[in-house]
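First comes the structure, then the notes that go with it.
Quick note: residue numbers are just sequence positions, from 1.
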Amino acid sequence: MIAELKGVGKEYQVGDQTIIALQPVDLCINTGELLLIIGPSGSGKTTLLSLLGCVIYPTLGQLFVNEQLVNDMSQKQMANLRLNTFGFVFQSFNLIAPLNALDNVMMPLQLKKLKAKDAKIKAEAALDLVGMLDRKKSLPKQLSGGQQQRVAIARALVTDPQLILCDEPTASLDASSIATIMGELVSLSKSGKSVCVVTHDPRLLQYADRVIKVENGFATEIKKNELTNAFTLV
């Protein structure tokens, strides 16, 4: 187990009104599995992902990552935890336009103050893993959407994270690219990583080991044999 949520919820105060983004939930994130977090837009699934990634603090309950209580961490401690524990993959890729693929992948290692020579070796290995080493000198604008997402996955992998968090990673991809990207994420989970994928796309259900449905702020685990009847996405 890499992360555990014990009654974790998130609320925001807007004037005199309390907005409940996520109702209290108990959840364990295990190594060696791909967890799908699925639900309609605005349901609270991105809030759950942000809590798992230590991007925001919980309002309720206790959040543990590697048996460390996140609630009491400083912003600096949280940043170090994110850098050393998580890899993030986003819908919009978030590649830096003036940098080529290799330099984009090297960036997290530079933040960790790794020597340039060692960072280059690790970045090239990560690009090779996702089949993009031959495009390491290409700028993002010279790559297709699927290729950019593969570079983004390489960037997420280069620090050897324990947990890979993906927010709508296939939303802007065609069916062929979706199959490629999800196949790579499944392979990563089978190699011992934890992979969490947020999506509103039911086509990704086939790739999941476990599924969490989030609706109106309530997160519920759905058994795989109940998926056909349990999911109605809007």
Side-chain angles (χ1 to χ4, degrees), residues 2 29 31-36 49 52-53 55 79-199 201 203-204 206-209:
I2 176 66
I29 309 299
T31 58
E33 69 176 11
L34 191 150
L35 175 70
L36 208 65
L49 192 75
L52 284 172
V55 176
N80 286 333
L81 185 64
R82 288 194 299 270
L83 184 60
N84 293 294
T85 307
F86 304 110
F88 294 91
V89 180
F90 304 96
Q91 173 183 347
S92 56
F93 318 134
N94 283 8
L95 300 179
I96 299 174
L99 301 183
N100 63 34
L102 180 63
D103 288 336
N104 266 284
V105 176
M106 286 176 62
M107 181 157 290
L109 299 175
Q110 292 170 335
L111 291 173
K112 297 184 74 169
K113 302 188 185 305
L114 199 67
K115 292 181 179 179
K117 180 180 178 180
D118 295 334
K120 182 179 179 182
I121 292 172
K122 285 182 175 289
E124 287 180 339
L127 284 168
D128 191 30
L129 189 65
V130 298
M132 289 296 294
L133 184 58
D134 62 331
R135 301 301 302 273
K136 67 179 182 180
K137 296 298 184 182
S138 298
L139 297 172
K141 66 180 180 181
Q142 298 170 319
L143 302 173
S144 68
Q147 289 172 328
Q148 289 185 62
Q149 194 60 287
R150 288 163 124 188
V151 173
I153 291 174
R155 183 182 57 191
L157 290 176
V158 76
T159 58
D160 193 27
Q162 294 170 277
L163 175 56
I164 300 164
L165 301 169
C166 309
D167 192 2
E168 302 281 7
T170 60
S172 56
L173 304 182
D174 58 33
S176 175
S177 295
I178 287 173
T180 299
I181 295 302
M182 290 307 299
E184 290 172 354
L185 292 175
V186 168
S187 295
L188 291 170
S189 69
K190 300 308 179 189
S191 72
K193 304 289 185 185
S194 292
V195 180
C196 291
V197 178
V198 159
T199 185
D201 188 348
R203 292 177 297 176
L204 305 192
Q206 60 183 302
Y207 300 101
D209 295 305

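Using a 4.5 Å heavy-atom threshold, the side chains of Met106 and Leu127 count as separate.
Residue pairs that meet the salt bridge (Lys or Arg N to Asp or Glu O under 4.0 Å) test with at least one member in residues 147-166, sequence neighbours left out, are Arg150-Glu184, Asp160-Lys193. For residues 127-138, every residue pair satisfying the salt bridge (Lys or Arg N to Asp or Glu O under 4.0 Å) rule, not counting sequence neighbours, is listed here: Glu124-Lys136.
Expressed to the nearest 0.5 Å, how far CD1 of Ile153 lies from CD of Gln148 amounts to 12.5 Å. With rounding to the nearest 0.5 Å, the separation of CG in Leu129 from OG in Ser187 is 8.5 Å. Separation of atoms CG (Leu165) and CG (Leu52) is listed at 6.5 Å; rounding is to 0.5 Å. The distance from atom CG of Leu188 to atom CD1 of Ile164, rounded to the nearest 0.5 Å, is 4.5 Å. Annotation: the span from Leu204 atom CG to Leu34 atom CG amounts to 9.0 Å, rounded to 0.5 Å. Rounding to the nearest 0.5 Å places CG of Leu114 at 5.5 Å from CG of Leu109.
Annotation: side-chain hydrogen bond (donor to acceptor under 3.5 Å, both in side chains) contacts of Thr31 (sequence neighbours excluded): none. Residues satisfying the side-chain hydrogen bond (donor to acceptor under 3.5 Å, both in side chains) test with Ser177, not counting sequence neighbours, are Asp174.
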Output side-chain donor-acceptor pairs under 3.5 Å for residues 80-105, partner residues at least two apart or in another chain, one line each.
unit_1, atom_1, unit_2, atom_2, d
Asn80, ND2, Lys76, O, 3.4
Arg82, NH1, Cys54, O, 2.7
Asn84, OD1, Lys112, NZ, 3.1
Asn84, ND2, Asn80, O, 2.8
Thr85, OG1, Leu81, O, 3.0
Ser92, OG, Asn94, OD1, 2.8
Asn100, OD1, Leu102, N, 3.1
Asn100, OD1, Asp103, N, 2.8
Asn104, OD1, Ile96, N, 2.7
Asn104, ND2, Ile96, O, 3.3
Asn104, ND2, Leu99, O, 3.0
Asn104, ND2, Asn100, O, 3.1

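Looking at every heavy atom in both residues, Pro169 comes nearest to Val198 through CD-O, 3.8 Å.
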